[in-house]
Amino acid sequence: MKVIAVKESIELCTESGWSAYDMFLDEKMDKERILKLGTLGGLTYLEMLKQPFYRIEQNYYMIKGLEGADSLRTAMLGGHEEILERVKEILMS
């Protein structure tokens with residue numbers, strides 16, 4: 001899986017010191033990759049939903065999206081942008 005684009009999210013939280021980026025993928029997110037991303041923090045994975053939802057939370061960042069989607073959102077506190085590279089590494093492995 002490759003990340004084909006990263007764009008700053010239109011839903012900004014800069015007043016609170018957070019920023020968010022949407023990552024667009026060349027494949028759809030599947031359960032295996034969601035579980036791999038879950039190693040980055042506390043994973044909430046609601047696979048019983050019609051379109052399963054996941055969220056990975058840490059003190060300084062959050063990753064969220066839908067299983068079957070070809071994008072995900074990563075939000076982080078300023079100064080923690082390195083999480084974008086860690087997400088890319090996991091998705092490509």
Side-chain angles (χ1 to χ4, degrees):
M1 175 178 286
K2 293 181 185 177
V3 176
I4 55 176
V6 177
K7 296 183 181 178
E8 194 166 5
S9 174
I10 59 172
E11 297 178 31
L12 300 177
C13 303
T14 53
E15 65 277 355
S16 63
W18 283 72
S19 56
Y21 295 85
D22 293 320
M23 301 179 109
F24 299 92
L25 313 168
D26 70 341
E27 297 177 34
K28 296 185 184 306
M29 286 295 291
D30 59 19
K31 182 177 181 175
E32 180 182 346
R33 287 208 172 86
I34 292 167
L35 295 177
K36 282 184 183 180
L37 280 178
T39 63
L40 293 173
L43 173 64
T44 301
Y45 179 45
L46 303 176
E47 63 182 319
M48 77 294 277
L49 299 176
K50 188 173 184 178
Q51 186 165 22
F53 169 81
Y54 63 92
R55 180 176 55 229
I56 299 126
E57 293 181 280
Q58 249 290 348
N59 290 337
Y60 304 108
Y61 60 83
M62 178 176 60
I63 304 159
K64 63 181 182 176
L66 298 171
E67 182 179 331
D70 61 357
S71 65
L72 58 90
R73 178 165 292 159
T74 303
M76 75 285 304
L77 188 60
H80 294 275
E81 289 78 9
E82 74 277 354
I83 189 59
L84 294 171
E85 291 306 315
R86 292 178 63 200
V87 170
K88 286 181 190 179
E89 289 171 9
I90 289 175
L91 292 174
M92 291 173 54
S93 67

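These figures come from a predicted structure and were not determined experimentally. Counting begins at 1 with the first residue of the sequence. Computation of the quantities below employed the complete heavy-atom set of this structure, encompassing side-chain atoms and omitting hydrogens, waters and symmetry-equivalent molecules.
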Margin query: If the threshold is 4.0 Å, N to carboxylate O, is there a salt bridge linking R86 and E89?
Written below: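 Here R86 does not pair with E89 in a salt bridge, since their nearest N and O are not under 4.0 Å apart.
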My understanding is that only residues two or more places apart in sequence, or in another chain, count here; which of them pass salt bridge (Lys or Arg N to Asp or Glu O under 4.0 Å) with [X]?
X	answer
K36	E32
E81	none
R55	E57
K7	none

Note to self: Show, in sequence, the C-alpha distance, side-chain angles and deciding distance for M23 and T74, and conclude whether the side-chain contact (heavy atoms from CB on, under 4.5 Å) test is met.
What the structure shows: CA-CA 8 Å; M23 301 179 109; T74 303; 4.0 Å; yes
Can you name the nearest heavy-atom pair linking [X] to [Y], along with the distance?
X	Y	result
A75	W18	O-CZ3, 3.5 Å
M1	L25	SD-CD1, 3.8 Å
K88	V6	CE-CG2, 3.9 Å
Y21	L84	CD1-CD1, 3.9 Å

Margin query: Determine whether V3 and V87 satisfy the following criterion, side-chain contact (heavy atoms from CB on, under 4.5 Å), listing intermediate values before the conclusion.
Written below: CA-CA 9 Å; V3 176; V87 170; 6.0 Å; no
Check: Is there a chain of hydrophobic side chains (I, L, V, M, F, W, Y, each step under 4.5 Å between heavy atoms) that links I83 to L35?
Finding: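 Yes, same cluster.
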Checklist line | Same apolar cluster: Y54 and M62, side chain cutoff 4.5 Å | finding: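 Different clusters: Y54 never reaches M62 through Ile, Leu, Val, Met, Phe, Trp or Tyr contacts under 4.5 Å.
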With sequence neighbours left out, write down each residue that passes side chain to side chain donor-acceptor pair (under 3.5 Å) with [X], or none if nothing qualifies.
X	answer
K31	E47
D22	R73
Y61	none

Check: Does a sphere of radius 6.0 Å around OH in Y60 hold more than 12 heavy atoms from other residues, nucleotides or ligands, not counting ones at 6.0 Å or beyond?
Finding: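 Result for OH/Y60: open.
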Next item on the list: Return yes when atom CE of M92 has more than 12 non-hydrogen atoms of other residues, nucleotides or ligands closer than 6.0 Å, and no otherwise.
Entry: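 Incorrect, the count does not exceed 12.
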Next item on the list: Go through the structure and list residues passing ring pair (Phe, Tyr, Trp, His ring centres under 6.0 Å) with F53, not counting sequence neighbours.
Entry: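 With sequence neighbours excluded, F53 shows a ring pair (Phe, Tyr, Trp, His ring centres under 6.0 Å) to no residue whatsoever.
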Item checked: Separation of K28 NZ from E67 CD (nearest 0.5 Å) ->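 Result: 11.5 Å between the selected atoms.
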Checklist line | Derivation of the side-chain contact (heavy atoms from CB on, under 4.5 Å) call for T39 and I56 | finding: CA-CA 9 Å; T39 63; I56 299 126; over 6 Å; no
Next item on the list: Could you check M29 against L66 for side-chain contact (heavy atoms from CB on, under 4.5 Å), going step by step and ending with a plain yes or no?
Entry: CA-CA 7 Å; M29 286 295 291; L66 298 171; over 6 Å; no
Check: Which ILVMFWY residues can you reach from F24 by hopping between side chains whose heavy atoms are under 4.5 Å apart?
Finding: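 Besides F24, the cluster holds I4.
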Checklist line | Counterpart residues, side chain to side chain contact (heavy atoms under 4.5 Å, CB included), relative to E82 (two or more places apart) | finding: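 E82 satisfies side chain to side chain contact (heavy atoms under 4.5 Å, CB included) with H80 once adjacent residues are dropped.
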Check: Heavy atoms, side chains only, cut-off 4.5 Å: are L91 and L37 in contact?
Finding: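 L91 reaches L37 side chain to side chain.
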